[in-house]
Structures are given as structure tokens and as C-alpha cells.
Amino acid sequence: EKGGYDHFMLKEIYEQPRAYRDTMRGRVSEDGRSVVLPELSITAEQLRAVSRVHIVACGTAMHAGMVGKTVIERLARIPVEVDVASEYRYRSPIITKDTLVIVVSQSGETADTLAALREAKRCGARVLAITNVVGSSVAREADDVIITLAGPEIAVASTKAYSTMLVAFFLLGLYMAQTLGTQEEAEIAHILAAMDALPEQVERILAQADTVKGIAESIAKSSSLFFIGRGIDYAVALEGSLKLKEISYIHSEAYAAGELKHGTLALIEDGVPVIALLTQEDLFEKTVSNIKEVKARGAEVLGLVNEGHEAESAKSVDRQFAIPRTLPLLTPALSVIPLQLLSYYASLALGHDVDKPRNLAKSVTVE
Ligand code: F6R
């Protein structure tokens, strides 16, 4: 049942190219120039009336939502807020009839997410669900559903569900943009072409798993480490940090790179590993200056960079791992892959139960 892999998590990591293809299939027009989402019942008129979007989810799904916020804001120019589902109801969110609430849940059964969905509907908002499980509570109660076609996810640590949630957000962001007219048709076609290349690019990263394994084995000796990044790199840093903590039990923190100097720098000591995500080239220099701050305190920096940018980043990091080049907005679909592998191999090196980490359940049905 593990298809020859030692663990479900590894199998599911390797299924991601297939999962990307399945999640895109049938959702792009034949000429490759537009997104088609026939499953949506929301009309163009209703979509044009949306003045704000709330994305509500837990854990890894919330991290996908943070990428979703950037995608929707950049492509469709609608303001988006992201909330942890267990907090949403209690902050008296301003939910109006022109609010679109997007709930994201792999299982579709997470209690807090479901409660947020019900609260949103009670306030008269439309709810769109991104979920991996057809017929789940979230799928049944939402007004609209985009199913991710990751296939059943068995490992407690979510991998392919996260990455297909990203694909769903890319498709939704493009769909909103083409409906609202906020992007040129050529730009939409350009982004779709870049999405088409993602599965093969993921395969190229997976072919370098041994390199990541070596890095993971050295990191596994540390008692604490940091992930830093700016913009969507920060969103991916949060996911990388969660994954590592979840299955390797190594303490780690993810920080917006510019925030380190507001307190956390005190924790950077000799030999502390810092994983710096540097995929956003317009922010490269800014993050490099933060790398200098941690290096001055003895940190060992691993840079996650774009192919072709290695010579530039070699000046500031100790080690690096390059991911294939894609559009800045799509990088999370690639940069998360080495981070998933890193946590898998760190957990393995420490002899933990990768698929069933302590104290966690696959589906959290209590609030
Ligand atoms: C982390 C993980 C959890 C879930 C969270 C939400 O690897 O699996 O953080 O992402 O419990 O679960 P769903 O997406 O089923 O609502």
C-alpha cells in the first residue's frame, strides 16, 4: 500500500507531480489561455460584487491560505485577510454579504474550520471551500467547492494536500482575475504555461533528494533552528518550520526575515542553522542583509535559491539548494518540496515514527 516507499509521507511527497497534474486537469481551456471552473456556481456578477475575501483554515491549510492571499491580491486586486480558524469567530470579524469566505481543509472535517464556515454563512457571506475530500462536511456545507485531487493523504504530516491547495489558489486567483478583468489575457496564459511546467520541475527537485538527505542529517543534530524569508517566502518558511517540528520534534521558528532584529536575534548563537528562503528576487538584497545579521552571530546559513542565482547567493550563505526557475508567484509550489524532504529525512535520522508523530491526529474534530 505504500507503493514501495518506506513511509506514506515519502510516497505522498513523490506523488506531488501527479497530484499537480490531476488538480489542473480539465480546469484550463484547450487553448491554454483561461481557467475553467465549471464546478463553481458563483456567477460573474456575484464575483464582481465581492469586496473582500477572508481565508480561514488551520495549520498547514492556513499556510496555503497565506500564499492564497498573495495570489488573490496580486492577480485579482481584492483585499484578503487570513485567519486561523480557531480565532476567527472570536474576533468579531466583519463579515458582510459582499465578503467571500474561503475555507481550506484537506480533510474537510476540522472542527474549527467547519465552525468558521457556519459562522460565515450565518452572517450571509458566500463560502467557497478548497478541500481534498468529496462529500466531507466542509464540502457539503459550502456554497462552492474546489476539490484538490491530491488523492487520499495518509501520513499525518500534510504534503501533497498543501501543494495542491496552492494549485487551487493559483487557479482561483486566475479565474477571479479573468472575471474581473484585472489581468491581460496574455498574462493569464503566461502564468498557466508556467503552472504547466511545475510537475516536471518538482520531479527535478525530487531527483536531488539525496542532497537534501545529507543536509537533514547534519541539521538533525541541532536542538533549534530558524527559517527566514520575506513575502511568500515567509509563508513557506512557516510551513517548513511546522513540518520539521511536527515530525522531527526539533524546535524551530519561522520569522519574517526583517523581524529578526526586533528581538529574536538574541537566540542566534554559534552554529545555529538558519534556513533562508531567497526565491523572490526583488527582495533578495533585503534578505541578504538579514543573512549578514545572523552570520555575524555565528549562524550556519542554508540558502534556498533559484537556479541561476547560485553565484550571487554563494557570497552570503554557507550552503545552498537551488530550485528550478518559475514565476515569483508560483515559487511556493517548488520551494516547499525540499523543506518537506528535509523534515522527512531529519525525522528518519532521529528514529521517529514519521507517519504517526506523537500527540497528533490526522483529522482534528475537537475545537
Ligand atoms: C500539518 C497538518 C495540520 C493540518 C491541520 C488542518 O502537517 O497536517 O496542520 O493541516 O490540522 O487540517 P485540515 O486541512 O484537514 O483541515
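As the structure is a prediction and not an experimental result, all values here were calculated from the model.
The closest donor-acceptor contact from the side chain of Asn132 to the backbone of Ala150 lies under 3.5 Å. A donor-acceptor pair under 3.5 Å links the side-chain atoms of Gln46 to the main chain of Thr43, judged by distance alone. Remark: the backbone N or O of Glu141 is paired with a side-chain donor or acceptor of Lys121 at under 3.5 angstrom. Between the Lys243 side chain and the Ser248 main chain, no donor and acceptor come within less than 3.5 Å of each other. Side-chain atoms of Ser363 do not come within 3.5 Å of backbone N or O of Ser107 as any donor-acceptor pair. With hydrogens and angles ignored, the 3.5 Å screen pairs no side-chain donor or acceptor of Asp112 with any backbone N or O of Ala85. Here the side chain of Arg27 pairs a donor or acceptor atom with the backbone of Thr23 at under 3.5 angstrom. No donor-acceptor pair under 3.5 Å is formed between the side chain of Tyr20 and the backbone N or O of Val202. The backbone N or O of Ile154 lies less than 3.5 Å from a partner atom in the side chain of Glu12, making a donor-acceptor pair. No donor-acceptor pair closer than 3.5 Å links the side chain of Asp355 to the backbone N or O of Ala155.
Here CG of Leu117 is found 12.0 Å from CD1 of Ile102. Values are rounded to the nearest 0.5 Å. Glu81 CD to Tyr88 OH: the interatomic distance, rounded to the nearest 0.5 Å, is 8.0 Å. Atom CE of Met165 sits about 13.5 Å away from atom CZ of Phe170, to the nearest 0.5 Å. Annotation: the span from Ile191 atom CD1 to Asp196 atom CG amounts to 13.5 Å, rounded to 0.5 Å. We find the CG-OG1 distance between Asp233 and Thr287 to be 7.0 Å, quoted to the nearest 0.5 Å. Separating the CD1 atom in Ile78 from the OG1 atom in Thr99 is a distance of 11.0 Å, to the nearest 0.5 Å.
Between His352 and Tyr249, the ring planes are tilted. Angles from 30° to 60° get that label.
A single hydrophobic cluster is seen to contain both Val67 and Val35, as judged by linkage of ILVMFWY side chains at heavy-atom distances under 4.5 Å, directly or through other members. Hydrophobic clustering (ILVMFWY, side-chain heavy atoms < 4.5 Å, transitive): Leu166 and Tyr14 are in one cluster. With hydrophobic clusters built from ILVMFWY side chains whose heavy atoms lie under 4.5 angstrom apart, Leu260 does not share a cluster with Leu238. The cluster map of Ile, Leu, Val, Met, Phe, Trp and Tyr, joined by side-chain heavy atoms under 4.5 Å apart, puts Ile219 and Leu10 in the same cluster. Hydrophobic clustering keeps Val305 apart from Ile232 (ILVMFWY residues linked when any side-chain heavy atoms are closer than 4.5 Å, directly or through intermediates).
No option in Leu75, Thr182, Leu100 other than Leu100 meets the side chain to side chain contact (heavy atoms under 4.5 Å, CB included) test with Met176. Exactly one of Thr159, Val212, Asp6, Leu244 qualifies for a side chain to side chain contact (heavy atoms under 4.5 Å, CB included) with Tyr344. That residue is Asp6.
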*Can Thr60 and Glu239 be said to form a side chain to side chain contact (heavy atoms under 4.5 Å, CB included), step by step?*
CA-CA 6 Å; Thr60 287; Glu239 174 58 9; 3.0 Å; yes

*asked:* Under the criterion side chain to side chain contact (heavy atoms under 4.5 Å, CB included), I'd like the reasoning laid out for Val294 against Phe226: C-alpha separation, chi angles, the key distance, then a yes or no.
replied: CA-CA 10 Å; Val294 296; Phe226 290 80; over 6 Å; no

*With side chain to side chain contact (heavy atoms under 4.5 Å, CB included) as the test, would you mind laying out the steps for Leu342 and Ile275 before giving the verdict?*
CA-CA 11 Å; Leu342 191 77; Ile275 300 178; 3.4 Å; yes

_side chain to side chain contact (heavy atoms under 4.5 Å, CB included) evaluation trace for Phe169 with Lys69_ = CA-CA 9 Å; Phe169 272 117; Lys69 168 187 164 78; over 6 Å; no

_Candidate pair Arg21 and Glu203, rule salt bridge (Lys or Arg N to Asp or Glu O under 4.0 Å), full reasoning_ = CA-CA 12 Å; Arg21 288 189 187 101; Glu203 272 156 15; 3.6 Å; yes

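Within a 6.0 Å radius of CD in Glu367, more than 12 heavy atoms belonging to other residues, nucleotides or ligands are found. The 12-atom threshold is not exceeded at NZ of Lys97, counting heavy atoms of other residues, nucleotides or ligands nearer than 6.0 Å. The number of heavy atoms from other shown groups lying within 6.0 Å of CZ (Arg204) is above 12. Under a cut-off of 6.0 angstrom, the local environment of OH in Tyr255 is sparse, with at most 12 non-hydrogen atoms contributed by other residues, nucleotides or ligands. Applying the 6.0 Å contact sphere to NZ of Lys356 captures no more than 12 heavy atoms from other residues, nucleotides or ligands.
Between Leu339 and Leu277 there is a side-chain heavy-atom pair separated by less than 4.5 Å. The shortest side-chain heavy-atom distance between Gln201 and Glu307 does not fall under the 4.5 Å cut-off. With contacts defined as side-chain heavy-atom distances shorter than 4.5 Å, the pair Leu341/Lys213 does not qualify. Under the 4.5 Å side-chain criterion, counting only non-hydrogen atoms from C-beta, Glu153 is in contact with Lys160. Within the 4.5 Å cutoff, no side-chain heavy atoms of Val50 are placed close to those of Arg126. When side chains are defined from C-beta on, Phe227 does not count as touching Leu304, because their heavy atoms never get closer than 4.5 Å. Using a 4.5 Å cut-off on side-chain heavy atoms (C-beta onward), Ile250 and Leu350 make contact. Residues Leu40 and Leu47 are not in side-chain contact: their nearest non-hydrogen atoms beyond the backbone lie 4.5 Å or more apart.
What you find for Lys261 and Asn290 is that their closest heavy atoms are NZ-ND2, 3.5 Å. Taking both residues in full, the closest heavy atoms of Leu171 and Leu192 are given as CD2-CD2, 4.5 Å, listed atom of the first, atom of the second, then distance. The minimum heavy-atom distance between Ala76 and Ala177, with the atom names listed, is CB-N, 4.2 Å. Of all heavy-atom pairs between Gly65 and Ile55, the closest is O-CD1, 3.5 Å. Taking both residues in full, the closest heavy atoms of Val272 and Ser224 are given as CG1-O, 3.9 Å, listed atom of the first, atom of the second, then distance. Residues Ala322 and Glu310 approach most closely at CB-OE2, 3.4 Å, considering heavy atoms.
Side chains of Asn306 and Glu281: a donor on one and an acceptor on the other come within 3.5 Å. Under 3.5 Å, the side chains of Gln320 and Ser313 contain a donor-acceptor pair of N or O atoms. Side chains of Ser241 and Ser252: a donor on one and an acceptor on the other come within 3.5 Å. Using modelled atom types and a 3.5 Å distance limit, the side chains of Glu109 and Ser137 yield a donor-acceptor pair. Between the side chains of Glu246 and Ser343, no donor-acceptor pair is found at a separation under 3.5 Å. Between the side chains of Ser163 and Gln16, at least one donor N or O sits under 3.5 Å from an acceptor N or O.
Under 4.0 Å is where a charged nitrogen must lie from a carboxylate oxygen, and between Lys11 and Glu15 at least one such pair does. Classification of Arg48 and Glu45 as a salt-bridged pair fails, no side-chain N sitting under 4.0 Å from a carboxylate O.
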